[in-house]
Amino acid sequence: MQPVKRKDVPTRKDDRVILHFDYDCFYASVFEAENSALKEKPLAVQQKQIIVTCNYEARRRGLRKLQLIKDARHICPDVVIVLGEDISRFRDASKTLYNFLRSFSWNDRAERLGFDEVWLDVTDMIDYNISLLNSHDLAHSFFVLEKDDPTQGFAFDATCYEGPTTPNDSTTNDEVLTLRLKLGSHLASHLRNELERKTGYTSTVGVSTSKVLSKLVGNMHKPKDQTTLVPPYTHQDGQVSNVEAFIDDYEIGKIPGIGSKLARKLRHHVLQHEPDFEKGLIYGETKEKVTVKDLRLAQNMSADLLEKLLTGPGSPRGIGAKIWSLLHGIDDTEVNFAKAVPSQISIEDSYIRLDTLPEVLKELKMLSCSLIERMRIDLVAGEDDADLVILERYDELESEAKARPHGKWLAQPKTIRLSTRPRLPLNPDGTRTRSFKRISHSSALPSYVLSLTDTVDALAEKLVHETLIGMFRRLHPEKAGWNLSLVNLAVTNMAEAGGETRTANGRDIGSMFKRQETVHKEFTTYADEDAMPPTKSSFQTEERTSLGHIDQLDAEMSVDVEDSGWVEEENEDAERCGICGMSVPLFALPAHTRYHEVTDD
DNA sequence: TGGGGTCCT
DNA sequence: AGGACCC
């Protein structure tokens, strides 16, 4: 008998430890954090006609995500419904929680997905702590959270996993990976507990060696818990590996990276016929489940065959090899470094009908206001910024102070984009085909939008009339008749002040500005019922501590207002500080220099 | 069926 | 500029 030819099965590389955090029913939790009376009630968050998420009390009563409001009210008449179309509060909470988790990272590999998920690559922390273990007393180990301060950390038992594992009974001879994942599980537990203790938010965590596996495995124990995928990760003594056993039963469309389009093609290939749900339906689950195993073991399946199956106009290069790896539970993509600024900021609203120019102008104005406000929040090193506290003093000396907002742009968006989603005309039979296709035009973002001295309203007004109307006309040349279901306004193409995408060189940058013991003081402790979550202001202004250092770092990279030339009227009687390079009014230079003498090492 | 985001072609 | 993917 011929031995089975194992062609191009990719090899695993399990040298990382990755944690995936998922905040429990995030939007609902944000409202609960604002008003703890909501915690005991079935709570749902509404956007337009749907429930985007609901708390677990609501789920117990049969509510689900993405349910229609009317269905939800029918199923659970006493549900408390709150409006969540303005996502400012979610964005702010997401940023706070993300910065909290990021502050533990040594390598600054901390990546967000949406508002409620975060990956941390904690490989360096795990390896360091393994090197510290006392092999004679593993049960009484201590996990060091800060390299420079061995007293900061927590006690743990290195002989066992913390929290649930999958499978829960497994034997392996891979002791190295086992030990690393055990430490990973203890770290995950500590971070979950600290997150809840300091911010009030609960989370669900997955522990494994890749982004995909950590994300998938976290789902095993859902609210407020964690799951570690335990070794063996490779075949051992003729036994199927735990990775394969874990991933094989997933429906292919559930694997991150395999979206609806790819899943449809892959199902079609395995089933050799059109799945039933195809007819006329855009959304829908097939009843004919195709699993990872079905696909992996399909006739002649290989990276090459997948490449042929999936390659088409616009398809990414190497898609076959990528999917083939995923079918084996292999995902070598790295956890991205934390980014100083987002690559895009957008605001959108959807409409039942929007078909007259006055209405469009009104909407563009509202969207512009929101967008400029958002730009100021996310792209400006604000008044709470450490370096700018000093400027505040000068403002007071100038005795004009408060009126003028101050701060520096961390990045300048260069492009503005207007997108719309036209509603398709009626079909001959009177039905309407739903389309989610968008059309868009981009232009240079006029530099006046970046003024911090004008009001948001004035800038928005100017933007609408000098730029957006023209863009809208190009997008919709017809005089009328367009029927828009969505308008989206975005700024993109961020030119960062430092010219870098990241804060710095990437390695060990975290330790430059992190002081765990002080970061955590900024968060309120949730001992009592009525404790409120840390508000943005309490979080950012209380003490100049660790996250203050982040602000400082950001400020150092920030655009120099005078050099950049896009803020017109800056102070002319200014001198540059020889130490930090900051532009300082002449009369204030002595005081500024003393500031360095006092604070610099 | 929302209001966001990322990356790739 | 659009399309795929993610929440």
Side-chain angles (χ1 to χ4, degrees), chain A residues 20-27 44-54 64-72 83-92 94-95 98 111-119 204 211-212 215-216 218-219 253-265 281-284 310-319 322-323 326 331 333-336 339 341-352 367 370-371 374 378 415 417-421 434-443 471 474-475 485-494 501:
Chain A
H20 176 264
F21 292 79
D22 187 333
Y23 315 135
D24 299 323
C25 45
F26 179 57
Y27 282 14
V45 181
Q46 172 183 10
Q47 284 176 338
K48 296 293 172 346
Q49 23 186 354
I50 64 168
I51 300 292
V52 286
T53 196
C54 55
R64 300 286 160 229
K65 289 178 179 181
L66 304 188
Q67 235 168 3
L68 288 172
I69 292 287
K70 51 177 181 175
D71 295 346
L83 198 61
E85 288 167 14
D86 178 348
I87 63 162
S88 305
R89 44 160 53 84
F90 311 134
R91 199 191 312 244
D92 293 343
S94 175
K95 199 167 158 186
Y98 170 68
E111 181 180 350
R112 246 202 298 192
L113 180 60
F115 284 166
D116 68 335
E117 295 182 20
V118 174
W119 280 284
T204 296
K211 286 172 69 176
V212 164
K215 178 179 164 99
L216 286 177
N219 292 324
K254 295 268 177 30
I255 303 298
I258 302 182
S260 58
K261 306 292 175 144
L262 286 179
R264 193 183 310 203
K265 290 183 189 173
L281 264 144
I282 290 171
Y283 290 103
L310 302 175
T311 292
S315 62
R317 284 181 305 253
I319 183 69
K322 181 193 160 185
I323 301 299
L326 280 177
D331 163 33
T333 62
E334 302 212 305
V335 177
N336 289 333
K339 285 163 67 175
V341 296
S343 45
Q344 168 192 314
I345 297 175
S346 71
I347 304 285
E348 68 189 44
D349 205 348
S350 59
Y351 310 92
I352 303 298
L367 293 172
S370 302
L371 182 62
R374 259 302 141 189
D378 286 350
T415 305
R417 185 183 62 218
L418 175 64
S419 312
T420 64
R421 190 173 66 194
R434 285 184 195 283
S435 163
F436 294 92
K437 284 199 196 330
R438 297 173 184 212
I439 54 177
S440 69
H441 277 319
S442 298
S443 302
M471 293 176 72
R474 271 196 290 150
L475 211 48
S485 63
L486 176 141
V487 178
N488 175 298
L489 199 56
V491 286
T492 64
N493 201 1
M494 311 292 189
T501 304

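Lettering of chains follows the sequences in order, A, B, ..., and the numbering in each one begins at 1.
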Starting at the 5' end of DNA chain B and moving along, which residue's nearest nucleotide shows up first, A/Ile50 or A/Ile347? A/Ile50

Here's a test of your reading of the structure: between A/Pro316 and A/Ser343, which maps to the more 5' nucleotide of DNA chain B?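 The residue whose closest nucleotide sits nearer the 5' end is A/Ser343.
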
Does the side chain of A/Arg317 get closer than 4.0 angstrom to OP1 or OP2 of B/dC8 through an N or O atom?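 Looking at the OP1 and OP2 atoms of B/dC8, neither is under 4.0 Å from any side-chain N or O of A/Arg317.
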
For a quick check, with a 4.0 angstrom heavy-atom cut-off, what is the B/S/- contact string for nucleotides 1-7 of chain C, read 5' to 3'? SS-SSSS

Mind checking [X] for me? I need base, sugar-phosphate or nothing, with any heavy atom below 4.0 Å counting as a touch.
| X | result |
| --- | --- |
| A/Leu68 | nothing |
| A/Gln344 | base |
| A/Glu85 | sugar-phosphate |
| A/Ser315 | sugar-phosphate |
| A/Asp349 | sugar-phosphate |

Which nucleotide in the set B/dC7, B/dG4, B/dG3 lies at the smallest distance from any side-chain heavy atom of A/Arg91? B/dG4

Looking only at B/dG4, B/dG3, B/dT6, the nucleotide nearest the A/Ser346 side chain is B/dG4

Expressed as a whole number of angstroms, how long is the span from [X]:[atom1] to [N]:[atom2]?
| X | N | atom1 | atom2 | value |
| --- | --- | --- | --- | --- |
| A/Gln46 | B/dG2 | CD | C1' | 11 Å |
| A/Phe26 | B/dG5 | CZ | P | 13 Å |
| A/Leu66 | B/dG2 | CG | C1' | 8 Å |
| A/Leu489 | B/dG3 | CG | C1' | 14 Å |
| A/Glu348 | B/dG2 | CD | C1' | 8 Å |
| A/Leu310 | B/dC8 | CG | P | 18 Å |
| A/Arg374 | B/dG3 | CZ | C1' | 12 Å |
| A/Asp86 | B/dG4 | CG | C1' | 12 Å |

Taking salt bridge (Lys or Arg N to Asp or Glu O under 4.0 Å) as the test, write out the residues that go with [X], two or more places apart.
| X | value |
| --- | --- |
| A/Lys322 | none |
| A/Arg474 | none |
| A/Lys65 | none |
| A/Arg374 | A/Asp92, A/Asp378 |

Specify whether A/Phe90 and A/Tyr27 have parallel, tilted or perpendicular ring planes, treating 30° as the upper limit for parallel and 60° as the lower limit for perpendicular.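 Rings of A/Phe90 and A/Tyr27: parallel, under 30°.
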
Is there a donor in the side chain of A/Arg112 and an acceptor in the side chain of A/Ser94, or the other way round, less than 3.5 Å apart?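 Note: A/Arg112 and A/Ser94 side chains meet the donor-acceptor criterion.
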
With rounding to the nearest 0.5 Å, note down the distance linking CZ in A/Arg421 to CD in A/Glu348.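 So the CZ of A/Arg421 and the CD of A/Glu348 are separated by 7.5 Å.
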
Only pairs under 3.5 Å count here: list side-chain donor-acceptor contacts from residues 311-319 of chain A, not counting sequence neighbours, and write none if there are none.
residue: A/Thr311; atom: OG1; partner: A/Glu307; partner atom: O; Å: 2.6
residue: A/Thr311; atom: OG1; partner: A/Glu307; partner atom: OE2; Å: 3.2
residue: A/Ser315; atom: OG; partner: A/Gly312; partner atom: N; Å: 2.9
residue: A/Ser315; atom: OG; partner: A/Gly312; partner atom: O; Å: 2.9

